[in-house]
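So that the names make sense, note that chain A is the first sequence line, chain B the second, and so on, each numbered from 1.
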Amino acid sequence: MNDVLPYPLAKDGWLHTARWRYVEGLFRDICRRYGYREIRTPILEQTELFARSIGEATDIVSKEMFTFTDRGERSLTMKPEGTAPAVRACLEHKLFAAHPMLKLYYVGQNFRYERGQKGRYRQHQQLGVEVFGASDAAIDAEVILLAMEFYRALGVEDQELHINSVGTAASRPAYREALRDFVRPFLAEMSVEGQTRFEANPLRMLDTKDESDLRLLADAPRLVDFLDEDSRVHFETLQAYLTAAGVPYTLDHRLVRGFDYYSKTCFEIIGTKLGSQNALGGGGRYDGLVEECGGPSTPGIGFGLGMERCLLVLDALGIVLSVEDERPLAFLVTLGDEAKVRPAAVKLLADLRAAGLAADMDYRSRKFGQQAKRADELGARYLLVLGDGELERGVVGLRDQNTKEQSDVPLPEIIARLQELAP
RNA sequence: GCGAUUGUAGCUCAGUCGGUUAGAGUGCCAGGUUGUGGCCCUGGAGGUCGUGGGUUCGAUCCCCAUCAUUCGCCCCA
């Protein structure tokens, strides 16, 4: 995890709180428009939750969780992802009973114990949505549209949607064996990585960047040809919906997901103008998860994206966000006899702020030049000059930092004047 | 989890084949200039040399560990 700072650094400008707020705000806004409500779950969960939902054999559960024993001898884990905790929370509060259809979004921290790298952190922030209770592919399409709209709103125009269907837990074994049978004759020619996956998780053989493996797998059997009737119809329906919505997509027969709980639809949004780290986000359907966690049989689908990667992608694409303006409108500089001027300055500043204006001053009893420099640092658009002379005349100097033109404004009128000038 | 890499002033980086007081540029502060800045001149502050051990008369430098960074793998967001 990186610290997120109040000022942009020359290097790593993406670690600026204003940018994070902007992206989060955009996400919240889109979620609200799509009818999603926010859920916040705690960082700590019982380890059992993840072991059961994500799968004991997955890398995440077997070696990438922050797990510890608390004083009561309970095994707790800092959440490595957001879906299982959301399911747990809905079960605990019986939301599935009260709301057969739930559309949720979250913005939160996930933790994975692994080697840090650019765009991969032990603590990362994830933005995501989860929908429970709808099995029609129309909701799959909605989640996909939401994700793509989010990136479009950020200015990422060049996106590609990749979709696939991994079928159900019941139909997958047949495919897995077919894939193994296909690969077995030339297993020795596969990369070491591919050979490992052949045993551990055959589907993941598909998800390789190894050119040679890709050639060997060119004519491998496809998941879509092994789908059960329900999954096949669902997948075709999704494609029809996407076409109707005018969303181009690519059937990616090698697209699979890492967690055990996924079923049917899986998708990824790819940034086409990026290099190897081109995945903008992904998601999929998990119809068995709620039941697996002890709840009623409830279909579900979700999507997630990493905040850090999102910001790095924006940087890579040279996209400049119009973040919240944190500059003060006015910066008050004082001159002359401090004992007389300071009280008036404190009062004026208080009045400006009470009127809703962003105003500041230096507080360090420095000469004019230094105070003005501070005003520039902060990006103030107007300088308010207050000294003995101004006090006697009952005015304050108003100086436009762009034009450098300064004029006196009667003190009682300064607020109204600044309000006119405020953007 | 594996293999590398880097860590010295706020920032960007020198440097010490192990030896007095660790430097530069930039930034910061002050004065020149006690009412109108950004230039210039002069001066100043600022360092547990990532952290903890070890070797040594002596460690910022060598060794070990650890934390963090970056890169490749693994995995994923």
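- When each of Gln370(A) and Glu268(A) is assigned the nucleotide of RNA chain B with its nearest heavy atom, Gln370(A) is the one assigned upstream, toward the 5' end.
- If you look at Phe96(A) and Phe132(A), their ring centroids are closer than 6.0 Å.
- For the C1' atoms, the distance from rA24(B) to rC64(B) is 33 Å, rounded to whole Å.
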Legend entry - Which nucleotides of RNA chain B pair, in dot-bracket form (Watson-Crick or G-U under 3.5 Å, | meaning another strand): ((((.((..((((.....[...)))).(((((.......))))).....(((((..]....))))))).))))....
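- Residue Arg309(A) places none of its side-chain N or O atoms closer than 4.0 Å to OP1 or OP2 of rC76(B).
- At whole-Å resolution of the value, CZ in Arg364(A) and P in rU34(B) are 20 Å apart.
- In this model, a donor atom of one side chain and an acceptor atom of the other lie less than 3.5 Å apart for Tyr286(A) and Glu130(A).
- Annotation: cation-pi pair Arg180(A)/Phe198(A) present, NZ/CZ under 6.0 Å from the ring centroid and within 45° of its normal.
- Gln371(A) comes within 4.0 angstrom of nothing in the nucleic acid, heavy atoms only.
- Rounded to whole Å, the separation between the C1' atoms of rU60(B) and rG23(B) comes to 13 Å.
- Each salt bridge (charged side-chain N to carboxylate O under 4.0 Å, His left out) pair with one or both residues in residues 389-399 of chain A, not counting sequence neighbours, appears once here: Arg393(A)-Asp408(A).
- For Ile319(A), the side chain to side chain contact (heavy atoms under 4.5 Å, CB included) partners two or more places apart in sequence, or in a different chain, are Val156(A), Leu314(A), Leu317(A), Leu321(A).
- Residue Arg204(A) places its side chain closer to rC75(B) than to any other of rG35(B), rC75(B), rA77(B).
- The shortest distance between the side-chain N/O atoms of Gln117(A) and the OP1/OP2 oxygens of rG72(B) is below 4.0 Å.
- Within 4.0 Å (heavy atoms only), Asn110(A) reaches no atom of the nucleic acid at all.
- Under 4.0 angstrom from either OP1 or OP2 of rG38(B) there lies no side-chain N or O belonging to Lys404(A).
- At a threshold of 4.5 Å between non-hydrogen side-chain atoms, the residues Arg19(A) and Trp14(A) count as touching.
- Residue Phe368(A) places its side chain closer to rU36(B) than to any other of rG72(B), rC75(B), rU36(B).
- Comparing rA68(B) with rG31(B), their C1' atoms are spaced 41 Å from each other, to the whole Å.
- Residues Val131(A) and Tyr36(A) meet the side-chain proximity criterion, which asks for heavy atoms closer than 4.5 Å.
- Phosphate contact (OP1/OP2 of rC75(B), side-chain N/O of Arg120(A), threshold under 4.0 Å): absent.
- Only the C1' atoms considered, rG3(B) is 34 Å distant from rA22(B), to the nearest whole Å.
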